[in-house]
Amino acid sequence: MVSARLKRLKGSPLIWTATALLGGVLLHADRAPLWALGAAFICLAWRLAAEMRLIGLPGRIARTGVAFMLIAAVFTRFQTLNGLNAGTALLVVMASIKLLETFTRRDRYVVIGASFFLLLAACLDRQSLLRAPLYLLQTWVCCMALAAVGPETGRGLSNKGAAVLAARTLGLALPLAAVLFLFFPRMAGAFWTLP
């Protein structure tokens, strides 16, 4: 019984959506507040358990109440909802809450898009070349999630097909990325603090 539930989860596009979000959250594990990370991990575990039909999903009123509490927590912690740190914490908790209501392909696209924005926030926050492999891996995972969720076969591509398509697409984008890296002007200091 449990193995059948795990097999159902393995073939689900939700697993790729959750993996992309988990990668985005983990990029901020050392900077985001612990309660935001805890909320994200609880939402991830809850959604996967609900997909395996071990527990039910919370209702709309409960999700809305939790969302408002988390927004209040972000505002209390940072005294604002603007800025890189507050915005990242808010994105972590809101994407996690959104994962609890991923019923359609569009919902999964929203969570994967939030995962891309978490990747962008990590790139803006820490631009060390030592973190570049992490960013590339997260980009690949997000692209695989898009391919697995996509409308190609009704349910998306297989795991192997999604991985190959994502790698091929990123390989095709590599020359443009190299040109932009070499010729795009760099500004000193943090981008978001410029006048």
Side-chain angles (χ1 to χ4, degrees), residues 9 12-52 55-126 131 134-151 155-156 162 166 170 191-192:
L9 182 64
S12 169
L14 177 69
I15 196 71
W16 282 108
T17 306
T19 303
L21 180 60
L22 178 64
V25 168
L26 288 177
L27 287 175
H28 299 282
D30 59 335
R31 302 261 176 123
L34 288 177
W35 55 265
L37 297 173
F41 291 135
I42 288 170
C43 289
L44 279 161
W46 195 333
R47 183 62 180 102
L48 293 176
E51 184 71 11
M52 292 176 19
I55 59 173
L57 287 171
R60 179 178 296 207
I61 294 172
R63 285 192 314 263
T64 304
V66 170
F68 279 122
M69 287 188 329
L70 290 171
I71 291 170
V74 170
F75 187 78
T76 302
R77 167 72 169 80
F78 296 101
Q79 304 301 317
T80 184
L81 296 178
N82 294 336
L84 186 62
N85 293 331
T88 299
L90 186 63
L91 186 58
V92 165
V93 295
M94 289 297 104
S96 301
I97 291 290
K98 181 63 181 171
L99 186 67
L100 290 177
E101 57 181 17
T102 50
F103 304 114
T104 65
R105 183 182 301 133
R106 183 191 143 281
D107 295 332
R108 289 187 287 273
Y109 282 147
V110 169
V111 175
I112 295 168
S115 303
F116 273 117
F117 277 106
L118 285 170
L119 171 64
L120 178 62
C123 291
L124 287 174
D125 191 24
R126 288 165 285 186
R131 291 183 63 88
L134 290 174
Y135 299 153
L136 183 60
L137 178 64
Q138 175 63 10
T139 304
W140 187 43
V141 167
C142 287
C143 289
M144 282 191 291
L146 284 175
V149 168
R155 285 186 48 151
L170 290 174
F191 178 72
W192 59 91

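The residues Arg131 and Asp125 are annotated as not salt-bridged, no charged nitrogen and carboxylate oxygen being separated by less than 4.0 angstrom.
The minimum heavy-atom distance between Leu57 and Leu100, with the atom names listed, is CD1-O, 3.6 Å. When all heavy atoms of Pro13 and Arg108 are compared, the pair lying nearest together is CB-NE, 3.9 Å. Of all non-hydrogen atoms in Leu44 and Ala18, the two that sit nearest each other are CD2-O, 3.6 Å. Taking every heavy atom of both residues into account, Val111 and Ala95 meet most closely at CG2-O, 4.3 Å. Counting all heavy atoms, side chain and backbone alike, Cys143 lies closest to Leu170 at SG-CD2, 4.1 Å. In plain terms, the two heavy atoms of Leu37 and Ala29 that are nearest each other are CD1-O, 3.3 Å.
Contact check for Tyr109 versus Thr104: no side-chain heavy atoms found under the 4.5 Å cut-off. With a 4.5 Å cut-off on side-chain heavy atoms, Ser96 and Leu21 count as touching. Between Phe116 and Leu146 the shortest side-chain heavy-atom distance falls below 4.5 Å. Considering only heavy atoms from C-beta on, Thr19 stays 4.5 Å or farther from Met144 through its side chain.
Annotation: the span from Leu99 atom CG to Asp107 atom CG amounts to 10.0 Å, rounded to 0.5 Å. The CZ atom of Phe41 sits 10.0 Å away from the CG atom of Leu34 when rounded to the nearest 0.5 Å. To the nearest 0.5 Å, atom CZ of residue Arg77 and atom CG of residue Asn85 are 8.0 Å apart. Between Ile112 atom CD1 and Cys142 atom SG the span is 7.5 Å, to the nearest 0.5 Å. Note that CG of Leu120 is 12.5 Å distant from OG of Ser115, once rounded to the nearest 0.5 Å. Taking CD1 from Ile42 and CH2 from Trp35, the interatomic distance works out to 12.5 Å, rounded to the nearest 0.5 Å.
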Starting from the C-alpha separation in whole Å, work towards a yes-or-no answer on side-chain contact (heavy atoms from CB on, under 4.5 Å) for Ile15 and Leu48. CA-CA 8 Å; Ile15 196 71; Leu48 293 176; 4.0 Å; yes

Which is it for Glu51 and Trp46 under the side-chain contact (heavy atoms from CB on, under 4.5 Å) test, yes or no, and what are the steps along the way? CA-CA 9 Å; Glu51 184 71 11; Trp46 195 333; over 6 Å; no

Stepwise side-chain contact (heavy atoms from CB on, under 4.5 Å) test for Asp30 and Arg126: CA-CA 12 Å; Asp30 59 335; Arg126 288 165 285 186; 2.8 Å; yes

Run the numbers on Leu136 and Trp140 for side-chain contact (heavy atoms from CB on, under 4.5 Å), then give the verdict. CA-CA 6 Å; Leu136 183 60; Trp140 187 43; 5.8 Å; no

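Applying the side-chain contact (heavy atoms from CB on, under 4.5 Å) rule to Leu91 yields the partners Ala114, Phe117, Leu118; only residues at least two apart in sequence or on another chain are considered. Looking at residues two or more places apart in sequence or on another chain, you find a side chain to side chain donor-acceptor pair (under 3.5 Å) between Thr102 and Arg47.
For the pair Trp16 (side chain) and Ala147 (backbone), a donor-acceptor distance under 3.5 Å is absent. In this structure a side-chain-to-backbone donor-acceptor pair under 3.5 Å is present from Arg63 to Pro58. Gln138 places no side-chain N or O within 3.5 Å of a backbone atom of Leu27 that could act as its donor or acceptor partner.
Residue Phe103 places its CZ atom among more than 12 non-hydrogen atoms of other residues, nucleotides or ligands, all under 6.0 Å distant.
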